[in-house]
Asks: 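Just dropping this structure here.
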Amino acid sequence: MGRRYYCTARCLAMENAIYALVDCNNFYASCERVFNPALKHKPIVILSNNDGCVIARSNEAKAIGIPMGLPYFQCKTLIEQSHTHVFSSNYTLYGDMSSRIMSLLSAFTPEYEIYSIDEAFLKLDSLAIQDHLVYASKIQQHILKSTGIPVSVGIGPTKTLAKVANYIAKKKTLLGLFEIHAANVEEMLASLAVEDIWGIGNNLGKRLRQMHIHSALDFKQASPVKMRKQFSVVVEKIVHELNSLSCLGLNEIEPKQSITSSRSFGIKVTELARLKEAIAYHSTIACTKMRKQHSFARGIYVFIKTSKHNEKQPYYRNAITVTFESPLNDTGLIIQQALQAIEKIFCPHLSYHKAGVMLLDLIDASLLQPDLFSPSPNRVILMEALDKINAKFQKGALFYAAEGIQKKWQMKRGKKSSDFTTNWKELAIAYAK
DNA sequence: TCTGGGGTCCTAGGACCC
DNA sequence: TCTGGGGTCCTAGGACCC
């Protein structure tokens with residue numbers, strides 16, 4: 001008996017849907033430029049946490065040939081020779097710039113989805129607009145004028161085609177605006193490699209090429225049923241989307257089901273005491289995020305690992321999941337659980353590279369069944385006060401002693417720019433000539 | 001010396017149930 | 001000899017995204 005497939009991709013019965021994808025150009029590099037105009041037309045790269053890898057580049061840096069994702073030490077010579085400006089990532093700044101942009105975008109349509117730190121989908125079909133590209137141009141100018149960040153806009157009848165349009169807007173147009181419609185869709189897809197479609201990575205791309213599907217147009221013409229059998233419902237949906245059949249709607253912002261905080265250390269860590277500080281610190285970060293979305297965790301996952309690249313010692317990684325007796329959102333209680341857990345997986349005489357926690361199985365506070373072990377009202381007030389104080393002053397104004405005072409293991413960010421928009425002491429300074 | 005962090009969704013397969 | 005069919009729940013792992 002062959003396997004039966006019960007469900008096919010459910011498509012949204014939407015006639016004439018119009019999606020616009022607004023994507024900031026080289027977002028991190030652009031943020032740095034806003035506060036340092038001398039960087040205009042200069043090559044810029046931004047490094048990952050701990051100044052590890054290149055994670056963002058300006059167009060000039062791309063042109064020089066500095067690759068994405070490469071460890072910094074491997075391209076340091078090229079970066080120095082080409083006088084490329086280097087920044088550590090400054091998520092406080094990028095996050096704040098992002099929320100300003102998203103807030104501006106929300107004025108252009110009631111139906112939108114914040115997809116990532118630098119992208120948003122806007123649904124335009126319910127608006128009385130004559131020309132989508134004219135509207136997109138207004139959006140573009142407004143964002144640039146209000147924040148200094150350049151954006152590109154791609155428009156299409158599905159989210160996947162809007163993504164394609166945005167790709168074309170960035171690569172092949174001068175203004176950074178492009179619309180895909182029935183008359184030009186095949187021509188555009190013919191010139192696009194299958195891996196460049198949203199949702200098709202290197203792995204699926206390789207397998208598709210083995211099936212003689214090389215371009216996005218080949219993929220559009222593939223049988224959805226076959227794609228589902230060979231791959232999954234996700235891949236089937238992409239085929240439908242390329243055929244202008246909308247399968248992906250706007251996602252509402254839903255509370256996270258799990259929240260992770262983890263970092264590799266700025267220095268090698270061998271002592272249990274230091275690891276405990278880091279675990280307490282990550283517990284605090286994750287708990288703060290969790291309370292912000294009004295959730296409780298039913299458990300926590302605690303992990304530590306050594307570096308894969310260190311040949312002087314065996315690669316060790318271990319993790320432990322603790323299930324709470326009743327759901328928790330109290331930083332103090334969660335730190336206690338996490339610290340007990342790490343003692344069980346700590347292995348002495350190793351130099352650790354990374355540690356972190358994941359709060360699991362989150363539920364909304366309103367769904368909580370009160371029981372004997374529910375948090376006492378005093379603890380609830382304490383957590384509220386803690387969050388308010390840290391929000392008002394700055395992250396870490398109040399912290400648990402378990403996190404340690406010096407936190408020497410914290411990541412390196414030797415080339416970070418100032419927190420221009422969120423810290424009174426670091427405001428940008430204008431000089432008169 | 002130095003190799004990121006934080007998510008989501010889907011599938012397969014095992015355990016278990018009637 | 002011959003060991004169904006249909007379902008749920010859970011977990012691990014793969015693949016993808018930015």
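The chains referred to below are lettered A, B, ... by the order of the sequence lines, with proteins before strands, and numbering in each begins at 1.
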Asks: Whole angstrom is fine here: how far is it from CE in A:Met411 over to C1' in B:dC2?
Replies: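 For the pair A:Met411 CE and B:dC2 C1', the rounded distance is 16 Å.
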
Asks: Quick one: label A:Asn49 by what it contacts on the DNA or RNA (base, sugar-phosphate, nothing), any heavy atom closer than 4.0 Å.
Replies: sugar-phosphate

Asks: Looking at B:dT8, B:dC10, B:dG4, which one has an atom nearest to any side-chain atom of A:Ser258?
Replies: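 The closest nucleotide is B:dT8.
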
Asks: For A:Met68 and B:dG5, give me the distance from atom CE to atom P, rounded to whole Å.
Replies: 15 Å

Asks: Please compare A:His353 and A:Ser261 by the position of their nearest nucleotide in DNA chain B and report the one closer to 5'.
Replies: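 The residue closer to the strand's 5' end, by nearest nucleotide, is A:His353.
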
Asks: Salt-bridged, A:Lys407 to A:Glu403, with N to O below 4.0 Å?
Replies: yes

Asks: If only side-chain N and O atoms of A:Ser264 are considered, is one of them under 4.0 Å from the OP1 or OP2 phosphate oxygen of B:dG5?
Replies: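 A:Ser264 to B:dG5 OP1/OP2: side-chain N or O found under 4.0 Å.
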
Asks: Considering only side-chain heavy atoms of A:Ile55, which listed nucleotide, B:dG5, B:dT3, B:dG4, is closest?
Replies: B:dG4

Asks: Give the B/S/- string for nucleotides 13-18 of chain C, one per nucleotide from 5' to 3', where a protein heavy atom under 4.0 Å of the base yields B, of only the sugar-phosphate yields S, and otherwise -.
Replies: --SSSS

Asks: Walk me through it: do A:Leu161 and A:Ser244 pass the test side chain to side chain contact (heavy atoms under 4.5 Å, CB included)?
Replies: CA-CA 8 Å; A:Leu161 286 173; A:Ser244 304; 3.7 Å; yes

Asks: Please report the distance, rounded to the nearest Å, between NZ in A:Lys76 and C1' in B:dT3.
Replies: 14 Å

Asks: Does the Lys NZ or Arg CZ of A:Lys415 fall within the cation-pi geometry relative to A:Tyr72 - under 6.0 Å from the ring centre and within 45° of the axis?
Replies: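 So A:Lys415 doesn't make the cation-pi contact.
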
Asks: In whole angstroms, how far is the P atom of C:dC10 from the CZ atom of A:Arg298?
Replies: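 Answer to the nearest Å: 10 Å.
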
Asks: Heavy atoms only, 4.0 Å cut-off, all strands: where does A:Ser307 land among base, sugar-phosphate and nothing?
Replies: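 Answer is nothing: A:Ser307 stays at 4.0 Å or more from every strand.
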
Asks: Base, sugar-phosphate alone, or nothing: which one does A:Ile259 contact when heavy atoms must sit under 4.0 Å apart?
Replies: sugar-phosphate

Asks: Kindly write out the residues that satisfy side-chain contact (heavy atoms from CB on, under 4.5 Å) with A:Thr306, not counting sequence neighbours, or none if the list is empty.
Replies: A:Gln313, A:Tyr315, A:Tyr316, A:Leu350, A:Tyr352

Asks: Between A:Trp198 and A:Phe121, does the ring centroid distance fall short of 6.0 Å?
Replies: yes

Asks: Tell me what A:Lys268 touches on the nucleic acid: a base, only sugar-phosphate, or nothing, going by heavy atoms under 4.0 Å.
Replies: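 It contacts sugar-phosphate atoms only.
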
Asks: According to salt bridge (charged side-chain N to carboxylate O under 4.0 Å, His left out), does anything in residues 331-346 of chain A pair up with another residue at least two apart or in another chain? List the pairs.
Replies: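 Qualifying pairs, neighbours excluded: A:Lys276-A:Glu343.
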
Asks: Could you check which residues of residues 78-91 of chain A get a heavy atom under 4.0 Å from DNA chain C? Sort them by number, please.
Replies: none

Asks: Measure the distance from CD on A:Gln257 to P on B:dG6 and round it to the nearest whole Å.
Replies: 17 Å

Asks: Nearest whole angstrom, please: distance from the P of B:dG5 to the OH of A:Tyr301.
Replies: 15 Å

Asks: Scan for salt bridge (charged side-chain N to carboxylate O under 4.0 Å, His left out) pairs involving residues 188-217 of chain A, sequence neighbours excluded, and state none if there are none.
Replies: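 Sorted pair list: A:Glu195-A:Arg209.
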
Asks: Between B:dT8, B:dT3, B:dC10, which nucleotide has the shortest distance from any of its atoms to the side chain of A:Lys256?
Replies: B:dT8

Asks: Take the angle between the ring planes of A:Tyr91 and A:Tyr94 and call it parallel below 30°, perpendicular above 60°, tilted in between.
Replies: perpendicular

Asks: Does the side chain to side chain contact (heavy atoms under 4.5 Å, CB included) test come out yes or no for A:Phe296 and A:Asp330, once each step is laid out?
Replies: CA-CA 9 Å; A:Phe296 281 68; A:Asp330 184 309; over 6 Å; no

Asks: How are the rings of A:Phe265 and A:Trp409 set relative to one another: parallel (under 30°), tilted (30 to 60°) or perpendicular (over 60°)?
Replies: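 If you compare the ring of A:Phe265 with that of A:Trp409, the planes turn out perpendicular.
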
Asks: Give the stems involving DNA chain B, where a stem is 3 or more consecutive Watson-Crick or G-U wobble pairs (i with j, i+1 with j-1, and so on) under 3.5 Å.
Replies: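 Stem list for DNA chain B: B:5-18 with C:5-18.
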
Asks: Below the 4.0 Å mark, does B:dG7 have OP1 or OP2 next to a side-chain nitrogen or oxygen of A:Thr260?
Replies: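 The answer is yes; a side-chain N or O of A:Thr260 sits under 4.0 Å from OP1 or OP2.
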
Asks: Please compare A:Phe231 and A:Lys312 by the position of their nearest nucleotide in DNA chain B and report the one closer to 5'.
Replies: A:Lys312

Asks: Quick one: do the A:Ser152 and A:Asn25 side chains pair a donor with an acceptor below 3.5 Å?
Replies: yes

Asks: With respect to the phosphate group of B:dG6, does any side-chain polar atom (N or O) of A:Ser262 fall under 4.0 Å of OP1 or OP2?
Replies: yes

Asks: A:Ile267 has an atom CD1; how far is it from atom P of B:dT3, in whole Å?
Replies: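 Value for this atom pair: 13 Å.
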
Asks: Measure NZ/A:Lys237 against C1'/B:dC10 and give the value in whole Å, please.
Replies: 10 Å

Asks: If you only use heavy atoms from C-beta on, which nucleotide in B:dG5, B:dT11, B:dT3 is closest to the side chain of A:Phe73?
Replies: B:dT3

Asks: Are side-chain N/O atoms of A:Thr422 and A:Asp96 paired as donor and acceptor at under 3.5 Å?
Replies: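 Not at all, the side chains of A:Thr422 and A:Asp96 share no donor-acceptor pair under 3.5 Å.
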
Asks: For a quick check of understanding: with a heavy-atom distance under 4.0 Å over all strands, which category does A:Lys354 fall into, base, sugar-phosphate or nothing?
Replies: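 If one applies the 4.0 Å heavy-atom cut-off, A:Lys354 turns out to touch the sugar-phosphate alone, with no base involved.
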
Asks: Would A:Phe108 and A:His142 satisfy side chain to side chain contact (heavy atoms under 4.5 Å, CB included), going step by step from the backbone distance to the final call?
Replies: CA-CA 10 Å; A:Phe108 283 90; A:His142 187 57; 3.7 Å; yes

Asks: Using the C1' atom in both, what is the distance from B:dG4 to C:dC17, to the nearest Å?
Replies: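 Here B:dG4 and C:dC17 have their C1' atoms 15 Å from each other.
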
Asks: Select one nucleotide: of B:dT3, B:dT11, B:dG6, the one nearest the side-chain heavy atoms of A:His309.
Replies: B:dT3

Asks: Establish, with yes or no, whether the OP1 or OP2 oxygen of B:dG5 is under 4.0 angstrom from a side-chain nitrogen or oxygen of A:His282.
Replies: no

Asks: Check this for me: does any side-chain nitrogen of one of A:Glu119 and A:Lys163 sit under 4.0 Å from a carboxylate oxygen of the other?
Replies: yes

